[in-house]
Amino acid sequence: MAAEGKARLTRELVAMRVARELAPGSTVNLGVGLPTLVGAFVPPEANILLQSENGILGYGGFSEEAFDPELVNAGGQPIRLNPGASFFDSAASFAMIRGGHIDVAVLGGLQVSARGDLANWSVPERGGGSIGGAMDLAVGARCLIVAMEHTTKDGRPRILRECTYPLTGRGCVDLIVTDLAVVEVGPAGLTLREVAPGWAPGEVAAVTDAPLALAEDLREMEL
(Lines give C-alpha, C1' and ligand atoms only; values in the text may rest on other atoms or scores of the structure.)
Protein backbone atom coordinates (compact mmCIF):
# COMPACT_ATOMS: atom_id res chain seq x y z
CA MET A 1 0.00 0.00 0.00
CA ALA A 2 1.23 3.49 -0.81
CA ALA A 3 1.54 5.77 2.19
CA GLU A 4 -1.13 8.46 2.28
CA GLY A 5 -0.07 12.06 2.73
CA LYS A 6 3.63 11.50 2.05
CA ALA A 7 5.53 14.42 0.54
CA ARG A 8 6.06 14.36 -3.21
CA LEU A 9 8.53 16.30 -5.28
CA THR A 10 7.52 19.80 -6.30
CA ARG A 11 7.26 20.70 -9.97
CA GLU A 12 10.57 22.55 -9.65
CA LEU A 13 12.32 19.47 -8.26
CA VAL A 14 10.91 17.30 -11.06
CA ALA A 15 12.28 19.84 -13.55
CA MET A 16 15.65 19.83 -11.77
CA ARG A 17 15.82 16.04 -12.06
CA VAL A 18 14.95 16.17 -15.76
CA ALA A 19 17.72 18.73 -16.36
CA ARG A 20 20.26 16.18 -15.15
CA GLU A 21 19.37 13.98 -18.15
CA LEU A 22 20.43 16.63 -20.68
CA ALA A 23 23.89 16.06 -22.13
CA PRO A 24 26.20 19.05 -22.66
CA GLY A 25 25.96 20.43 -26.18
CA SER A 26 22.56 18.89 -26.92
CA THR A 27 19.63 20.56 -28.67
CA VAL A 28 16.51 20.39 -26.52
CA ASN A 29 12.85 21.31 -26.96
CA LEU A 30 10.82 21.99 -23.81
CA GLY A 31 7.07 21.53 -24.02
CA VAL A 32 4.53 23.77 -22.31
CA GLY A 33 3.66 23.39 -18.64
CA LEU A 34 6.03 21.62 -16.28
CA PRO A 35 8.74 21.02 -18.94
CA THR A 36 9.30 24.77 -19.36
CA LEU A 37 10.68 24.84 -15.80
CA VAL A 38 13.62 22.67 -16.90
CA GLY A 39 15.23 25.70 -18.55
CA ALA A 40 15.86 27.28 -15.16
CA PHE A 41 18.08 24.35 -14.15
CA VAL A 42 20.24 24.06 -17.27
CA PRO A 43 23.75 25.26 -16.33
CA PRO A 44 25.11 27.85 -18.80
CA GLU A 45 28.42 26.01 -19.11
CA ALA A 46 26.60 22.95 -20.50
CA ASN A 47 26.06 24.85 -23.79
CA ILE A 48 22.62 23.31 -24.28
CA LEU A 49 20.64 24.85 -27.13
CA LEU A 50 16.95 25.29 -26.32
CA GLN A 51 14.73 25.20 -29.39
CA SER A 52 11.14 26.45 -29.67
CA GLU A 53 8.66 25.48 -32.40
CA ASN A 54 7.84 29.10 -33.16
CA GLY A 55 11.34 29.57 -34.55
CA ILE A 56 14.00 30.20 -31.90
CA LEU A 57 17.24 28.35 -31.24
CA GLY A 58 19.47 29.31 -28.35
CA TYR A 59 17.25 30.89 -25.72
CA GLY A 60 18.26 30.66 -22.08
CA GLY A 61 15.24 30.35 -19.87
CA PHE A 62 12.56 32.83 -18.95
CA SER A 63 12.55 36.47 -18.00
CA GLU A 64 9.62 38.61 -16.86
CA GLU A 65 11.82 41.72 -16.85
CA ALA A 66 11.49 44.18 -19.75
CA PHE A 67 8.84 41.94 -21.30
CA ASP A 68 8.95 41.98 -25.10
CA PRO A 69 5.78 40.49 -26.64
CA GLU A 70 7.79 39.60 -29.74
CA LEU A 71 10.24 37.51 -27.70
CA VAL A 72 8.29 34.51 -26.47
CA ASN A 73 8.48 30.77 -26.80
CA ALA A 74 5.81 28.55 -28.37
CA GLY A 75 3.83 28.65 -25.12
CA GLY A 76 3.78 32.45 -25.06
CA GLN A 77 6.24 32.75 -22.16
CA PRO A 78 8.79 35.59 -22.18
CA ILE A 79 12.33 34.35 -22.77
CA ARG A 80 15.84 35.73 -22.79
CA LEU A 81 18.32 35.03 -25.57
CA ASN A 82 21.82 33.63 -25.28
CA PRO A 83 24.63 35.06 -27.42
CA GLY A 84 24.40 33.56 -30.90
CA ALA A 85 20.67 32.79 -30.74
CA SER A 86 18.88 32.60 -34.07
CA PHE A 87 15.38 33.07 -35.46
CA PHE A 88 13.66 31.29 -38.35
CA ASP A 89 10.20 30.48 -39.64
CA SER A 90 7.98 27.63 -38.49
CA ALA A 91 8.75 25.60 -41.61
CA ALA A 92 12.45 25.53 -40.71
CA SER A 93 11.61 24.84 -37.07
CA PHE A 94 9.51 21.79 -37.88
CA ALA A 95 12.09 20.64 -40.42
CA MET A 96 14.53 20.48 -37.50
CA ILE A 97 12.04 18.45 -35.47
CA ARG A 98 10.83 16.11 -38.22
CA GLY A 99 14.36 15.71 -39.57
CA GLY A 100 15.62 14.25 -36.31
CA HIS A 101 17.80 17.21 -35.33
CA ILE A 102 16.34 17.60 -31.82
CA ASP A 103 18.36 15.50 -29.38
CA VAL A 104 15.83 15.60 -26.54
CA ALA A 105 12.22 16.71 -26.23
CA VAL A 106 10.67 17.12 -22.80
CA LEU A 107 6.87 16.94 -22.85
CA GLY A 108 4.17 16.89 -20.23
CA GLY A 109 1.93 13.88 -20.00
CA LEU A 110 -1.59 12.88 -19.09
CA GLN A 111 -0.93 9.16 -19.49
CA VAL A 112 1.96 6.90 -20.52
CA SER A 113 1.51 3.22 -21.29
CA ALA A 114 3.74 0.25 -20.51
CA ARG A 115 4.91 0.36 -24.16
CA GLY A 116 5.81 4.03 -24.01
CA ASP A 117 2.68 5.33 -25.75
CA LEU A 118 2.01 8.95 -24.83
CA ALA A 119 -1.32 10.74 -24.35
CA ASN A 120 -0.88 14.41 -23.52
CA TRP A 121 -3.36 16.56 -25.41
CA SER A 122 -6.95 15.59 -24.68
CA VAL A 123 -9.04 14.60 -21.67
CA PRO A 124 -12.19 13.19 -23.31
CA GLU A 125 -14.53 13.98 -20.43
CA ARG A 126 -13.53 17.66 -20.61
CA GLY A 127 -13.71 17.98 -24.39
CA GLY A 128 -11.60 20.25 -26.56
CA GLY A 129 -7.83 20.08 -26.73
CA SER A 130 -5.34 20.39 -29.57
CA ILE A 131 -2.50 18.04 -30.35
CA GLY A 132 -0.32 20.85 -31.75
CA GLY A 133 3.38 20.23 -32.30
CA ALA A 134 3.55 17.54 -29.62
CA MET A 135 2.95 14.80 -32.18
CA ASP A 136 5.95 15.98 -34.23
CA LEU A 137 8.19 16.15 -31.17
CA ALA A 138 7.01 12.76 -29.93
CA VAL A 139 8.19 11.00 -33.08
CA GLY A 140 10.90 13.38 -34.31
CA ALA A 141 13.10 13.85 -31.24
CA ARG A 142 15.89 11.35 -30.74
CA CYS A 143 14.93 10.99 -27.07
CA LEU A 144 11.60 11.79 -25.44
CA ILE A 145 11.34 12.49 -21.71
CA VAL A 146 7.90 12.88 -20.15
CA ALA A 147 7.71 15.04 -17.02
CA MET A 148 4.43 14.72 -15.13
CA GLU A 149 2.73 13.97 -11.83
CA HIS A 150 2.58 10.27 -11.04
CA THR A 151 -1.17 10.29 -10.35
CA THR A 152 -4.18 12.45 -11.06
CA LYS A 153 -5.57 14.79 -8.39
CA ASP A 154 -7.98 12.07 -7.32
CA GLY A 155 -5.22 9.48 -7.06
CA ARG A 156 -5.64 7.54 -10.29
CA PRO A 157 -2.43 6.26 -11.94
CA ARG A 158 -1.08 8.07 -14.99
CA ILE A 159 1.34 5.24 -15.88
CA LEU A 160 -0.97 2.57 -17.26
CA ARG A 161 -0.92 -0.78 -18.99
CA GLU A 162 -2.83 0.89 -21.83
CA CYS A 163 -3.63 4.57 -22.33
CA THR A 164 -7.33 5.39 -22.27
CA TYR A 165 -6.96 8.94 -23.64
CA PRO A 166 -6.32 9.80 -27.31
CA LEU A 167 -2.68 9.16 -28.16
CA THR A 168 -0.07 11.70 -29.14
CA GLY A 169 2.36 9.01 -30.27
CA ARG A 170 2.91 5.26 -30.03
CA GLY A 171 6.00 3.77 -28.43
CA CYS A 172 7.74 7.13 -28.36
CA VAL A 173 8.60 7.67 -24.68
CA ASP A 174 12.12 6.82 -23.46
CA LEU A 175 12.03 8.10 -19.88
CA ILE A 176 9.34 9.21 -17.40
CA VAL A 177 10.20 11.56 -14.55
CA THR A 178 7.41 12.11 -12.03
CA ASP A 179 7.01 13.53 -8.55
CA LEU A 180 7.57 9.99 -7.23
CA ALA A 181 9.97 8.21 -9.57
CA VAL A 182 12.22 7.93 -12.57
CA VAL A 183 10.98 5.16 -14.88
CA GLU A 184 12.81 3.93 -17.97
CA VAL A 185 10.87 2.58 -20.96
CA GLY A 186 12.48 -0.35 -22.76
CA PRO A 187 11.58 -3.22 -25.10
CA ALA A 188 10.59 -5.39 -22.14
CA GLY A 189 8.47 -2.72 -20.46
CA LEU A 190 9.03 -0.29 -17.61
CA THR A 191 11.95 -0.27 -15.19
CA LEU A 192 11.89 1.70 -11.94
CA ARG A 193 15.29 3.42 -11.75
CA GLU A 194 14.81 5.90 -8.90
CA VAL A 195 12.27 6.71 -6.21
CA ALA A 196 11.57 10.06 -4.57
CA PRO A 197 13.07 10.62 -1.12
CA GLY A 198 11.03 8.87 1.57
CA TRP A 199 9.25 6.56 -0.88
CA ALA A 200 9.73 2.80 -1.10
CA PRO A 201 9.56 0.93 -4.44
CA GLY A 202 6.43 -0.90 -3.30
CA GLU A 203 4.69 2.38 -2.54
CA VAL A 204 5.46 3.68 -6.03
CA ALA A 205 4.28 0.40 -7.59
CA ALA A 206 0.99 0.68 -5.66
CA VAL A 207 0.11 3.91 -7.49
CA THR A 208 1.30 2.63 -10.88
CA ASP A 209 -1.06 0.55 -13.03
CA ALA A 210 1.62 -0.81 -15.38
CA PRO A 211 4.05 -3.47 -14.11
CA LEU A 212 7.40 -2.10 -12.93
CA ALA A 213 10.63 -4.07 -13.00
CA LEU A 214 13.18 -2.94 -10.42
CA ALA A 215 16.56 -1.75 -11.68
CA GLU A 216 19.54 -3.59 -10.21
CA ASP A 217 20.92 -0.24 -9.08
CA LEU A 218 17.56 1.17 -7.92
CA ARG A 219 18.24 4.18 -5.73
CA GLU A 220 16.76 7.30 -4.22
CA MET A 221 16.68 10.38 -6.46
CA GLU A 222 19.61 12.74 -6.10
CA LEU A 223 18.49 16.35 -6.48
Please indicate whether [X] has more than 12 foreign heavy atoms, meaning atoms of other residues, nucleotides or ligands, lying under 6.0 Å from its [atom1].
X	atom1	answer
Glu216	CD	no
Glu70	CD	no
Arg170	CZ	no

Are the side chains of [X] and [Y] in touch, meaning some heavy atoms are under 4.5 Å apart?
X	Y	value
Val183	Leu212	yes
Phe41	Arg17	no
Val104	Glu21	no
Thr151	Arg156	no
Pro197	Leu9	yes
Val106	Asn29	no
Val207	Pro157	no
Asp209	Ile159	no

Using the rule that two of Ile, Leu, Val, Met, Phe, Trp, Tyr join whenever any of their side-chain heavy atoms come within less than 4.5 Å, decide whether Met221 and Met16 are in one cluster.
yes
Do the side chains of Ile56 and Val28 join up, straight or via other hydrophobic residues, at under 4.5 Å, putting them in one cluster?
yes
Evaluation steps, side chain to side chain contact (heavy atoms under 4.5 Å, CB included), between Leu137 and Glu53:
CA-CA 9 Å; Leu137 289 163; Glu53 301 101 289; 3.8 Å; yes
Output all residues satisfying salt bridge (charged side-chain N to carboxylate O under 4.0 Å, His left out) with Arg98, sequence neighbours left out; order by chain, then residue number.
Asp136
Which residue is it: Leu107, Ile131, Val32? I am looking for the one with a side-chain contact (heavy atoms from CB on, under 4.5 Å) to Asn120.
Leu107
Just by distance, no angles: are the side chains of Thr208 and His150 close enough, under 3.5 Å, to form a donor-acceptor pair?
yes
Please report the interatomic distance SG(Cys163) to CG(Asp117), rounded to the nearest 0.5 Å.
5.5 Å
If you measure from CG on Asp103 to OG on Ser26, what distance do you get to the nearest 0.5 Å?
5.5 Å
Tightest non-hydrogen contact, residues Trp121 and Thr168, listed as CD1-OG1, 3.3 Å
So, for Val195 and Leu218, which heavy atoms are closest and what is the spacing to 0.1 Å?
CG1-CD1, 4.4 Å
Do Tyr59 and Val72 pass the side chain to side chain contact (heavy atoms under 4.5 Å, CB included) test, and can you show the C-alpha distance, the side-chain angles, and the key distance before you say yes or no?
CA-CA 10 Å; Tyr59 70 92; Val72 296; over 6 Å; no
Considering only NZ, NE, NH1 and NH2 on the basic side and carboxylate oxygens on the acidic side, decide whether Glu149 and Arg8 come within less than 4.0 Å.
no
Determine, stepwise, if the pair Leu71 / Phe87 fulfils side chain to side chain contact (heavy atoms under 4.5 Å, CB included).
CA-CA 10 Å; Leu71 197 57; Phe87 299 91; 3.9 Å; yes
Asn73 side chain vs Ser52 backbone, donor-acceptor pair below 3.5 Å:
no
Could you walk me through whether Glu194 and Glu220 pass the side chain to side chain contact (heavy atoms under 4.5 Å, CB included) test, one step at a time?
CA-CA 5 Å; Glu194 301 176 18; Glu220 187 176 277; over 6 Å; no
